[in-house]
Amino acid sequence: MTTPPPATPTPAPAMLTDRTAVVTGAANGLGREFAAALTAAGARVAGFDIAGQAETGARAGERFTPYTVDVTDPAAVARALTLVNAELGGPHLVVNNAGVYPPIPFEQTSLEDLRRILRVNVEGPFVVTQAALPYLRRAGWGRVVNIASGAVFVGPPDLVAYTASKAALIGFTRSLATLLGPDNITVNTIAPGLTRTETAARSTGADGGFERVAAMQRVPRVEEPADLVSTLLYVCDPASGFLTGQTLNVDGGAAFL
C-alpha cells in the first residue's frame with residue numbers, strides 16, 4: 001500500500017508577520033509551494049521569476065506579489081528589490097530556489113551547458129543575495145535559504161554538472177554564514193531529493209524515474225513539494241537564530257545507502 005504524502009503543515013499564523021520574503025523561481029514547483037507556505041505564516045512574499053506567476057498568486061493569496069525578474073541579471077534584480085522595498089518593505093528573507101537541472105550525459109555536456117547551469121544555480125543566488133544584503137543588514141535580522149539538492153550526496157551519473165553546481169551552493173552557504181552571523185542573519189541550505197514537480201516530471205522523473213529513486217530511499221515513496229515546507233519554516237523561524245551554515249538533507253534517507 002502506498003503511503004500518501006503528508007498534508008502541508010499549518011504554520012503558526014504570526015510567525016513571520018511584518019516580514020517580507022523574496023522567493024526566486026516562484027512560478028511553479030517548490031517555489032510555488034514555498035511562497036504559499038510563507039504567506040500562510042504571515043509573511044509578505046515577492047515572487048521572482050521570468051515565467052508567469054498567476055497560479056502562484058491564486059495559491060498564495062493577497063500577500064503574494066509577482067515580479068518578472070531574471071535572477072542572473074544584476075541590474076534587473078536591483079530594480080526589483082528597490083520595488084519590493086518600496087511596495088512591501090524589507091526584504092528580510094531570501095529563498096534562492098530558482099534552478100535548472102537538465103540531465104545531460106557528462107560526455108555530451110558542453111561548456112555552454114555547464115555555464116548555463118552555473119549561471120542559474122550559482123550566479124543567481126549570488127546576485128540575489130548580494131543585492132538583498134543591504135536591506136537585510138538595515139533590518140538587523142535576516143534569513144537566507146539556498147535550495148541545493150540531495151544529488152550532492154548520492155552523485156547521480158546523469159547530473160554531473162548539476163551536482164557540481166549544487167555543491168558550490170553548499171560552499172556558498174558555509175562562507176556566507178560565517179560572514180553574516182554577526183549581523184543576525186542566518187544562512188542555511190535545504191537539499192531535497194527528487195521531488196515531484198513539473199520540471200522533474202519532464203526530466204529525471206520521467207519514464208519511471210520517480211519510482212526508481214523512491215525505491216532507493218529509506219522512506220519509499222515519491223517526495224512531494226509539501227515535504228519541504230516544514231524544513232523551510234524551521235530555518236526561517238525567528239526562533240531559529242542559532243542555526244546557520246547548515247545543509248538539511250531532506251531526501252527520504254537516500255543518502256544513507
Side-chain angles (χ1 to χ4, degrees), residues 5-12 15-16 19 21-25 29-38 40-41 43 92-99 101 121-122 124-125 128-129 136 141-156 159 162-181 184-197 200 213-214 216-219 221-257:
T8 301
T10 302
M15 187 178 83
L16 294 173
R19 311 286 188 184
V22 169
V23 178
T24 70
L30 292 181
R32 182 182 299 160
E33 193 78 25
F34 291 162
L38 290 168
H92 309 92
L93 306 95
V94 175
V95 181
N96 288 309
N97 167 74
Y101 59 107
N121 294 0
V122 182
V128 173
T129 305
L136 304 182
W141 183 93
R143 299 284 184 265
V144 177
V145 185
N146 298 315
I147 307 303
S149 172
V152 172
F153 307 104
V154 297
L159 292 170
Y162 170 79
T163 302
S165 73
K166 292 302 187 177
L169 199 55
I170 291 172
F172 174 68
T173 294
R174 298 286 289 182
S175 289
L176 202 60
T178 302
L179 173 68
L180 300 182
N184 198 29
I185 300 167
T186 67
V187 188
N188 290 290
T189 292
I190 299 172
L194 179 61
T195 307
R196 199 195 305 271
T197 64
V213 171
M216 295 186 291
Q217 297 167 180
R218 300 291 175 137
V219 180
R221 65 168 174 79
V222 178
E223 185 165 12
E224 304 289 344
D227 289 311
L228 283 302
V229 167
S230 61
T231 305
L232 175 74
L233 295 176
Y234 170 52
V235 297
C236 289
D237 195 319
S240 296
F242 213 63
L243 176 75
T244 196
Q246 303 305 305
T247 296
L248 284 75
N249 194 26
V250 188
D251 70 348
F256 288 2
L257 303 178

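No experiment lies behind these values; they were computed from the predicted model shown.
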Next on the checklist: Test your reading of the model: is there a side-chain donor-acceptor pair from Asp227 to the backbone of Glu224, 3.5 Å cut-off?
Outcome noted: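 Yes, because the side chain of Asp227 sits within donor-acceptor range (under 3.5 Å) of the backbone of Glu224.
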Do [X] and [Y] come within less than 4.5 Å of each other through their side chains, counting heavy atoms only?
X	Y	answer
Leu228	Glu33	no
Gln217	Asp251	no
Thr195	Pro225	yes
Pro125	Phe172	yes
Leu232	Leu38	yes
Leu16	His92	no
Val145	Asn188	no
Leu30	Pro192	yes

Can you name the residues that form a side-chain contact (heavy atoms from CB on, under 4.5 Å) with [X], not counting sequence neighbours?
X	answer
Ala168	Val122
Asn184	Trp141
Leu136	Val144, Ile185
Ala167	Val152

Checklist entry - Can you name the residues that form a salt bridge (charged side-chain N to carboxylate O under 4.0 Å, His left out) with Arg32, not counting sequence neighbours? => result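 Scan of Arg32 (salt bridge (charged side-chain N to carboxylate O under 4.0 Å, His left out), adjacent residues dropped) gives Glu55, Glu198.
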Looking at every heavy atom in both [X] and [Y], which two are closest together, and how far apart are they?
X	Y	result
Asn97	Gly25	ND2-O, 3.2 Å
Lys166	Ser149	CG-CB, 3.9 Å
Ala37	Val229	CB-CG1, 3.6 Å
Pro156	Ala151	CD-O, 3.4 Å
Ala148	Tyr162	O-OH, 4.1 Å
Thr247	Phe153	CG2-CZ, 3.9 Å

Item to check | side-chain hydrogen bond (donor to acceptor under 3.5 Å, both in side chains) contacts touching residues 167-180 (sequence neighbours left out) | outcome: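 Sorted pair list: Asn146-Thr173, Thr173-Thr189.
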Item to check | Residues Val250, Ile190; criterion side chain to side chain contact (heavy atoms under 4.5 Å, CB included); working and verdict | outcome: CA-CA 7 Å; Val250 188; Ile190 299 172; 4.2 Å; yes
Next on the checklist: Would Arg143 and Val235 count as a side chain to side chain contact (heavy atoms under 4.5 Å, CB included) here? Give the steps.
Outcome noted: CA-CA 8 Å; Arg143 299 284 184 265; Val235 297; 6.0 Å; no
